[in-house]
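Comments concern the structure below.
Just so it is clear, the values below take in all heavy atoms, side chains as well, and ignore hydrogens, waters and symmetry mates. By convention in this document, chain letters (A, B, ...) are assigned in the order of the sequence lines, proteins followed by strands, and residues within each chain are numbered from 1.
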There are 2 protein chains.
Amino acid sequence: MTARAAHTSHNHRACIDDALATARALCDERGTQLTPLREKVLQIVWKSHKPVGAYDVLDELARSHKAARPPTVYRALDFLMAEGLIHKIESLNAYLGCIEAGAPHTGQFLICRNCGATEEIVDPKLETALEAAAARAHFKAERKIVEISGLCARCIV
Amino acid sequence: MTARAAHTSHNHRACIDDALATARALCDERGTQLTPLREKVLQIVWKSHKPVGAYDVLDELARSHKAARPPTVYRALDFLMAEGLIHKIESLNAYLGCIEAGAPHTGQFLICRNCGATEEIVDPKLETALEAAAARAHFKAERKIVEISGLCARCIV
DNA sequence: ATGCGATTGTTATGTTGTATCATCGGGCCA
DNA sequence: TGGCCCGATGATACAACATAACAATCGCAT
C-alpha cells in the first residue's frame with residue numbers, strides 16, 4: 001500500500017481494502033491468525049484516518065458481535081499491534097491503522113488538534129536524529145515514540 | 001539548575017532543593033501562586049528521577065493532607081505543567097520534574113524499561129529534525145512528544 | 001479419543017482522569 | 001466596615017481506559 005497524507009481526499013474504501021489485503025497477506029506469510037474478529041477490529045480502526053479509542057471500537061464491534069467486551073477488543077488490538085498492523089497513539093490513548101504494515105518501524109505521527117486527522121510519517125533523518133540522541137546518552141533505544149500535535153495543512157487558516 | 005543524567009549518583013536532596021528554589025523564583029517572577037499544596041506536589045514528583053503516577057502522588061500527599069482527593073492532585077499537576085515545572089510522560093501516564101524549568105520547551109525523554117529512571121534530554125539537532133519533518137508535511141507543530149524507551153547506560157549488561 | 005495450544009467468552013476489578021457544585025479566604029472598593 | 005469578586009481548595013460522583021482470572025470452545029496432532 002502507498003503512504004498517503006491523512007488530509008488528502010481519497011477513496012477511503014480502497015484505502016481500507018488495501019490495508020485488509022496487506023494484513024491478510026502478512027499474517028498468512030507469518031502463519032499468524034487474522035481471525036474474523038481481529039479482521040473486523042482492524043477494519044473498524046481503519047474506518048477513518050483519526051485515531052480511535054478502544055471503547056469506540058467496542059461500541060462499533062458490538063453492533064455485529066454482541067458478545068464483545070473490553071478484553072475482546074484489547075486482545076485484538078494487542079494482536080494487531082504485535083503484527084505491526086496498527087499503532088497506539090499514546091498521547092490520545094487511541095489506535096490508528098499503520099500505513100507501512102510489514103516494514104517494522106515505530107511510527108512518527110502528526111496529530112491535528114482541530115480535525116483529529118493523524119498522519120503517519122516515516123522520516124529517515126528524524127529516525128537518525130533519534131538514534132543519535134540516544135547514543136549520546138549511552139542509551140539503548142528500543143521503542144521510539146514521536147507524536148507531534150498541532151494543525152494540519154487543511155486546518156491552518 | 002544543571003542538567004544531570006538520571007542514572008548518575010548525586011545528592012538528590014540538593015536536586016530537589018534546586019528544583020523547588022527555581023520553581024519559587026519562577027512563580028514569583030510571573031505572579032503565579034506556588035501554594036504550599038502545589039509545592040508539596042512538586043516535591044513529591046521530584047522524590048526520584050522516575051515518573052510518578054497521579055495516584056501515587058495522591059497516596060503520598062494524603063499522608064500529610066487528609067483532604068486530598070484526585071482533583072486535588074490533578075489540579076496541582078495541571079498548574080505545574082502549565083508553569084513548565086513538570087512534564088507528563090504520555091507512554092506511562094506519569095509525571096516527571098522538569099530539569100530546565102523556565103526555558104520553555106517540550107521535553108525529550110529516555111525511559112529505562114528496566115530501572116524506570118527517565119532522563120530528560122534537550123537535543124537541538126533532534127528539535128531541528130522534528131521541525132523539519134513537520135514542515136515537510138505542511139504541518140504547524142505545537143507540542144512535540146519524544147519518548148524513547150529502552151535500556152539506560154547502567155542497565156545495559 | 002484424547003490431550004494440547006490458541007482463541008474467545010465471561011465476570012469482575014483496577015487504574016487514570018473529569019464534571020460539578022460547595023466552601024474558603026484574601027484583596028479591593030464603595 | 002461591609003459586600004463583592006476571584007482564585008484556590010473541598011467534596012461527591014462519575015467517566016474513560018485497561019487488565020486479571022477463569023471457563024468454554026475448537027482445530028489438530030498424536
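Atom CG in D78(A) sits about 13 Å away from atom C1' in dC17(D), given to the nearest Å. Put simply, CG on L80(A) is 14 Å from C1' on dT7(C), counting in whole angstrom units. At whole-Å resolution of the value, CG in D59(B) and C1' in dT15(C) are 12 Å apart. Summarising the geometry, the separation between CG on D56(B) and P on dT15(C) is reported as 10 Å, rounded to the nearest angstrom. L58(B) places its CG atom 15 Å from the P atom of dT18(C), with the value rounded to the nearest Å. Taking atom CD on E90(A) and atom C1' on dA18(D), their separation rounds to 12 Å, with Å as the unit. Nucleotide dG17(C) holds its P atom 13 Å from the CG atom of L92(A), rounded to whole Å.
In terms of heavy-atom proximity, W46(A) sits nearest to C98(A) at CZ2-O, 3.4 Å.
The environment of NE2 in H12(A) is crowded: more than 12 heavy-atom neighbours from other residues, nucleotides or ligands sit within 6.0 Å.
Regarding contacts with the backbone of dA18(D), a side-chain N or O of K88(A) is found under 4.0 angstrom from either OP1 or OP2. Residue Y95(A) places at least one side-chain N or O closer than 4.0 Å to OP1 or OP2 of dA18(D). Of the side-chain N and O atoms in N93(A), none sit less than 4.0 angstrom from OP1 or OP2 of dA16(D).
In this structure, SG in C152(A) is found 12.0 Å from CD1 in I111(A), a value given to the nearest 0.5 Å. For the atom pair L34(B) CG and E39(B) CD, the distance stands at 5.0 Å (nearest 0.5 Å).
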Exercise. Which is it for L130(B) and Q108(B) under the side-chain contact (heavy atoms from CB on, under 4.5 Å) test, yes or no, and what are the steps along the way?
Worked result: CA-CA 11 Å; L130(B) 290 165; Q108(B) 303 159 358; 4.2 Å; yes
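Of all the residues in residues 108-115 of chain A, not one reaches under 4.0 Å from DNA chain C with any non-hydrogen atom. Within residues 28-40 of chain B, the residues having any heavy atom closer than 4.0 Å to DNA chain D are, in order of number, Q33(B), T35(B), L37(B), R38(B). Within residues 60-75 of chain B, the residues that place at least one heavy atom under 4.0 Å from DNA chain C are, in residue-number order, P70(B), P71(B), Y74(B), R75(B).
Between L37(B) and K40(B), every side-chain heavy-atom pair lies at or beyond the 4.5 Å cut-off. Residues H10(A) and C15(A) form a side-chain contact, since some pair of their non-hydrogen atoms from C-beta on lies under 4.5 Å apart.
Of the charged side-chain nitrogens involved, none lies within less than 4.0 Å of a carboxylate oxygen, so that R38(A) and E83(A) do not count as a salt-bridged pair.
Tracing side-chain contacts under 4.5 Å through hydrophobic residues (I, L, V, M, F, W, Y), one never reaches I121(B) starting from L92(B); they form parts of separate clusters.
A donor-acceptor contact under 3.5 Å is not formed by the side chain of Y55(B) with the base of dG14(C).
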